[in-house]
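For clarity, every value in this text was computed on a predicted model and none was experimentally measured. Only this structure's heavy atoms are used, side chains among them; waters, hydrogens and symmetry mates stay out.
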Amino acid sequence: MPANNNDQAFLDILNLLTVDQLKPRFKSCLAAGTAPTRKADLVSAIKAWLSGGGLALVWQSLSPLEQQAVRTSLYRSDGWFDERRFTAEFGVLPAWFTECYHYYHTPAEQYKLGWFFYPPGRYQDGQRIPDWLQDRLKLLVSAPDIAELSPVELPTPLPEHMVIVERDKAATRELRLMLALLQEGELKVSDKTALPSKALLQKVSTRLEEYYSGVSDEDAPGVGHIKAFGWVMLLQASRWVQRKSGRLILTSEGLRQLSAPLHQTLRTVWQDWLDNVSQDEFARIEIVKGQTGKGAQYLTSVPDRRYAIEAALTESPAGGWVSYPDFSRFMLTAGHEFEVTEDVSALYMFDRHYGTLHNANWEMLQGRYLRCVLLEYAATLGLIDVVLAPPQQPEPDYDNIWCGEDVECLSRYDGLLYIRLNALGAYCLGLTKSYEDSSVSQQTPLTLYKNGRLGFSQPPSEAELLLIEGYADGLDYHNWRLSQEKMLTLLENGGSLAPLRDFIAKRDSQPFLPQDAERLLANCESNAGAVTPAGTVLLLHCRDEQTAAAIGAHPLTASLCQSAGDNRLLIEPSREPDFRQALHQAGYGLAVR
């Protein structure tokens, strides 16, 4: 905006204020002199004072907290005072933003910030430093320090109720398990909601080392299935998994993914999940109602929220512990804040009238969503390690809400205390170009015996297990047997046996494969496409074999149907009307389906 326009805009803002609003501002700085009586003179005097050396005098008279209010607004939010962000960083607001001002009762000292902050318009809320004033202040006021997230030391010794959960190595083991369940067709979700059933979560949880076991879920339902739910939703969001009749299956691209290093697969899953819009993690905070129906239209973009959290993670100290409160506060102070809804009044707890959350703070809504993403998704995928305590909070931050004293936690994720970005997380977030996983290059010696048995000299690595499970069934830690069913399934979906052949060749010193194993591989490759779908047909049951033979031989119907043995006939669904008409002419009827 040109300077002359800024001048006029500032004068317009001053003219919106009354004399009783302008005078205290002028009187708060004694060096400015006696305040004029007339409004026009008062407006001119304020502008003239700020145009010269008066601006520096007022700035120097501010307290350190007030100077921070000017500095952060000037450089971080285009002049706007961000109350939530300022409180998160400094813990308290300057009196100018908290008191109800009156000309006769408010001390003049509290009006000093009034030289800098003004309502932007007659009917607009908030306080802002006008553009005209910003141009002059930037020559006088230095930029604030860049917000940083510093690592902290964990309590020593760690209290009995806390536990450290390291995730990078565990996540690769769990990914292998989940991919095996996918291949076996064990992962099913609702066709309507795309959510796993409680029975499936319980089944999967028994195969995982869940974050919580034996913890009461009276106030935190599902606390024992956090990993199981996270894995199902993460895989479902992946580009190489599709839902077919409620069952999650690997696509042809997904089957090829089985031969990729596990850490690369984890990074792909994270990147796919960031952009997926099929599910909103805020729905996992079940105690907050109003997310469906009319309230759904106010919910914000899910990928935008996830990317804000990812941006904060990328600025976390790699390998260093950070307390959850510090990380949550950093989201605000570093400009990574997000909203979960554009209309907080649409959300409520317990009762739509009494329990409305129109005054909910950052931690009650955004904080619960943040905890969910960090624990159920980032930690489950292995990007961060965590320190956990039971979700029941001894000092809750929600006791000011209606009926808040009746619950011990707002979500199953309330026990998240510390997080640590690990080496796998740094790789998945693009902070490092590689991830050192010794299991990727490990080549455990093996021997392929007759009957397709694979015998390893020692337990294979996680990466080796991931590949071999796509082609064979496990007998014990050292022995596997090639599975004709798995290999045919893989070939049917566009896969190849080349990775298996290469895998065996690098680990088996035999110059040739056993004949029966070679025959099995060759038969699978040649027979994978032995049967080709020719389209759907309609199977008809006749009352007896004689009727079926008569209809099949009748000149009017013979060309429209085909015998399927006994008393059955086959017709193409598209030719059913013609067949029915010909059947009538031949003297027979077709029952209504």
J.: So R284 and E376, do their side chains get closer than 4.5 Å, heavy atoms only?
T.: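 In contact.
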J.: Once ring-ring contact (aromatic ring centres under 6.0 Å, His included) is applied, do any residues pair with F26, and if so which ones, sequence neighbours excluded?
T.: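 Once residues adjacent in sequence are excluded, the partners of F26 under the ring-ring contact (aromatic ring centres under 6.0 Å, His included) criterion are W115.
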J.: For F86, what residues pass the ring-ring contact (aromatic ring centres under 6.0 Å, His included) criterion, not counting sequence neighbours?
T.: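 Checked F86 against ring-ring contact (aromatic ring centres under 6.0 Å, His included); matches are F81, F90.
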J.: Where the side chain of T300 meets the backbone of E339, is there a donor-acceptor pair that is under 3.5 Å apart?
T.: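 A pair under 3.5 Å: yes.
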J.: Under the 3.5 angstrom rule, does the side chain of Y212 hit a backbone N or O of H225 as a donor-acceptor pair?
T.: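 The answer is no, because no donor-acceptor pair under 3.5 Å joins these two groups.
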J.: Who are the side chain to side chain donor-acceptor pair (under 3.5 Å) partners of Y75, not counting sequence neighbours?
T.: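 In terms of side chain to side chain donor-acceptor pair (under 3.5 Å), with neighbours along the sequence ignored, Y75 is linked to no residue.
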J.: Please confirm whether W362 and F338 have ring centers closer than 6.0 angstrom.
T.: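 Aromatic pair counts; centres sit under 6.0 Å.
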J.: State, to 0.1 Å, how close V288 and Q291 come at their nearest heavy-atom pair, and which atoms those are.
T.: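 Of all heavy-atom pairs spanning V288 and Q291, the closest is O-NE2, 2.9 Å.
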J.: Name all residues meeting the salt bridge (charged side-chain N to carboxylate O under 4.0 Å, His left out) criterion together with D78; count only those two or more places apart in sequence or in a different chain, and write none if there are none.
T.: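 Applying salt bridge (charged side-chain N to carboxylate O under 4.0 Å, His left out) to D78 gives R128.
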J.: Do NZ/NE/NH1/NH2 and the carboxylate oxygens of E363 and R371 come within less than 4.0 Å?
T.: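 R371 and E363: salt-bridged.
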J.: Just to verify, what does T380 make a side chain to side chain donor-acceptor pair (under 3.5 Å) with, not counting sequence neighbours?
T.: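 Expected list: Y211.
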J.: Which pairs, with at least one residue in residues 314-338 and sequence neighbours excluded, count as a salt bridge (Lys or Arg N to Asp or Glu O under 4.0 Å)?
T.: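 Residue pairs passing salt bridge (Lys or Arg N to Asp or Glu O under 4.0 Å), neighbours aside: D326-R329.
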J.: Are any side-chain N or O atoms of R412 and backbone N or O atoms of P391, one a donor and one an acceptor, separated by less than 3.5 Å?
T.: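 Judged by distance alone, no pair lies under 3.5 Å.
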J.: Side chain of R167, backbone of A379: donor and acceptor closer than 3.5 Å?
T.: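 Pair found, side chain donor or acceptor close to backbone of A379.
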J.: Show me the pairs that pass salt bridge (Lys or Arg N to Asp or Glu O under 4.0 Å) and involve residues 226-235, at least two apart or across chains.
T.: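 Passing the test, one end in residues 226-235: E174-K227.
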J.: Any donor and acceptor pair, going by atom type alone, linking the side chain of S328 with main-chain N or O of Y324 inside 3.5 Å?
T.: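 No; zero donor-acceptor contacts below 3.5 Å.
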J.: Identify, with sequence neighbours excluded, every residue that meets salt bridge (charged side-chain N to carboxylate O under 4.0 Å, His left out) alongside K203.
T.: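 K203 satisfies salt bridge (charged side-chain N to carboxylate O under 4.0 Å, His left out) with E186 once adjacent residues are dropped.
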J.: Which residues pass the salt bridge (charged side-chain N to carboxylate O under 4.0 Å, His left out) test with R25, sequence neighbours left out?
T.: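 None.
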J.: Centroid separation under 6.0 Å, is that true for the rings of F117 and W96?
T.: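 Centroid distance W96-F117: not below 6.0 Å, so no.
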J.: Under the rule for side chain to side chain donor-acceptor pair (under 3.5 Å), what residues qualify as partners of T356, not counting sequence neighbours?
T.: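 Side chain to side chain donor-acceptor pair (under 3.5 Å) check on T356 returns nothing, list empty.
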J.: Are R173 and E209 close enough for a salt bridge, meaning some N to O gap below 4.0 Å?
T.: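 No, this pair does not count.
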J.: For F327 and A312, work out which heavy atoms get closest and say how close.
T.: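 Of all heavy-atom pairs spanning F327 and A312, the closest is CZ-CB, 3.6 Å.
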J.: Among all residues two or more places apart in sequence or in another chain, which pass the side chain to side chain donor-acceptor pair (under 3.5 Å) test with T18?
T.: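 Side chain to side chain donor-acceptor pair (under 3.5 Å) list for T18, sorted by chain: Q21.
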J.: Report yes or no: does E281 contribute a side-chain atom to a donor-acceptor pair with the main-chain N or O of Y369 at less than 3.5 Å?
T.: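 Side chain of E281 to backbone of Y369: no pair is present.
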J.: Under the rule for salt bridge (charged side-chain N to carboxylate O under 4.0 Å, His left out), what residues qualify as partners of D272, not counting sequence neighbours?
T.: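 Scan of D272 (salt bridge (charged side-chain N to carboxylate O under 4.0 Å, His left out), adjacent residues dropped) gives R239.
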